[in-house]
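No experiment lies behind these values; they were computed from the predicted model shown.
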Amino acid sequence: MSGVGSSRENAAAQRRAEIMRLLHVHGFQSVTHLTELLDVSDMTVRRDLKRLADAGELRVVHGGASLLHATLRTADFTSRGAQERTAKRRIAQRAAALIEPDATVAIDAGTTTFELAVTLPTDFRGCVISHSVPVLQHMLNVPKATVIGLGGELLADSQAFVGSLATQALAGLGADVVFLGAAAIGTNDLFVATGHERPTKQALIGCAERVVLLADHSKFDTTAPVRLGPLDDVDTLVTDRPLTPELAEAFDVAGVTVLTAEE
């Protein structure tokens with residue numbers, strides 16, 4: 001009996017190794033494709049994906065699995081993505097519920113906004129505008145969507161294109177909603193880490209009918225040097241924990257709707 005159990009575990013380990021190999025080559029694999037390729041049941045594939053996801057090896061997404069932070073990623077981006085990962089996933093899932101099936105969505109650079117892109121269903125038929133390299137790469141897995149990439153100077157830390165070329169492109173575009181990131185949030189203002197990011201983020205805000213800020217609780221307990229703009233630039237905040245009374249009052253005064261993606 002122990003020999004049978006050992007054989008099954010070896011087979012499972014080989015399947016999981018093959019799944020990871022395929023993901024590193026293609027970035028995404030559907031459950032249907034893996035079921036056919038590995039010649040196992042749908043339930044077996046989903047069990048393998050869950051185990052790999054629990055081990056932090058991959059992310060389970062609509063219809064399959066993808067690598068955690070796309071295949072073209074720097075160590076810094078991956079490291080930042082690992083911080084508050086569970087909170088970022090919950091925020092992304094809550095924010096995705098705000099997206100209409102055929103919406104034009106602008107997605108800012110950053111690890112939380114990348115989580116939102118990953119949360120989009122693979123049959124999403126709307127339009128995505130972004131200057132984020134990981135977001136644009138992930139959208140290759142969403143073939144029915146229209147994707148508009150913004151060019152410019154590549155900012156390695158954020159893995160995003162910034163500068164005049166990006167802002168000029170945004171001047172000719174419009175979005176139903178922009179999902180925005182920030183490095184720090186105070187009771188009056190939003191802040192970013194560098195001045196290089198500021199013009200592109202402001203252009204994203206300017207091109208959208210609605211601005212949704214995605215921020216986990218850590219962004220309210222830190223500082224950043226560059227002021228992006230006032231709180232009332234934002235229409236909706238999606239976060240993972242209830243705000244302090246002081247912050248809740250500040251967002252209320254600014255007219256911002258606060259959505260909390262609690263466990």
Is there a side-chain contact between [X] and [Y] in this structure, where contact means two heavy atoms from C-beta onward sitting under 4.5 Å apart?
X	Y	answer
Leu213	Val256	no
Val118	Ser66	yes
Leu155	Thr200	no
Thr44	Arg15	yes

Salt bridge (Lys or Arg N to Asp or Glu O under 4.0 Å) between Arg16 and Asp48, worked out: CA-CA 6 Å; Arg16 292 192 286 270; Asp48 285 339; 3.4 Å; yes
Which atoms form the tightest heavy-atom contact between [X] and [Y], and what is the distance?
X	Y	result
Thr167	Pro199	CG2-O, 3.6 Å
His62	Thr122	O-CG2, 3.5 Å
Asp42	Val31	OD2-CG1, 3.3 Å

OG1-CD distance between Thr111 and Gln159, expressed to the nearest 0.5 angstrom: 11.0 Å
Over 12 non-hydrogen atoms of neighbours within 6.0 angstrom of CG in Asp39: no
Sole residue of Thr244, Asp240, Thr239 in side-chain hydrogen bond (donor to acceptor under 3.5 Å, both in side chains) with His217: Asp240
Lys/Arg-Asp/Glu bridge criterion (N-O < 4.0 Å) met for Glu115, Arg90: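 Looking at Glu115 and Arg90, the cut-off is not met.
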Arg21 bridged to Glu18 by N-O distance under 4.0 Å: yes
Can you give the donor-acceptor pairs under 3.5 Å from side chains of residues 222-236 to other protein atoms, not counting sequence neighbours?
from: Arg227; atom 1: NE; to: Asp189; atom 2: OD1; distance (Å): 2.8
from: Arg227; atom 1: NH2; to: Asp189; atom 2: OD1; distance (Å): 3.0
from: Asp235; atom 1: OD2; to: Val211; atom 2: N; distance (Å): 2.8
from: Thr236; atom 1: OG1; to: Arg210; atom 2: NH2; distance (Å): 3.2

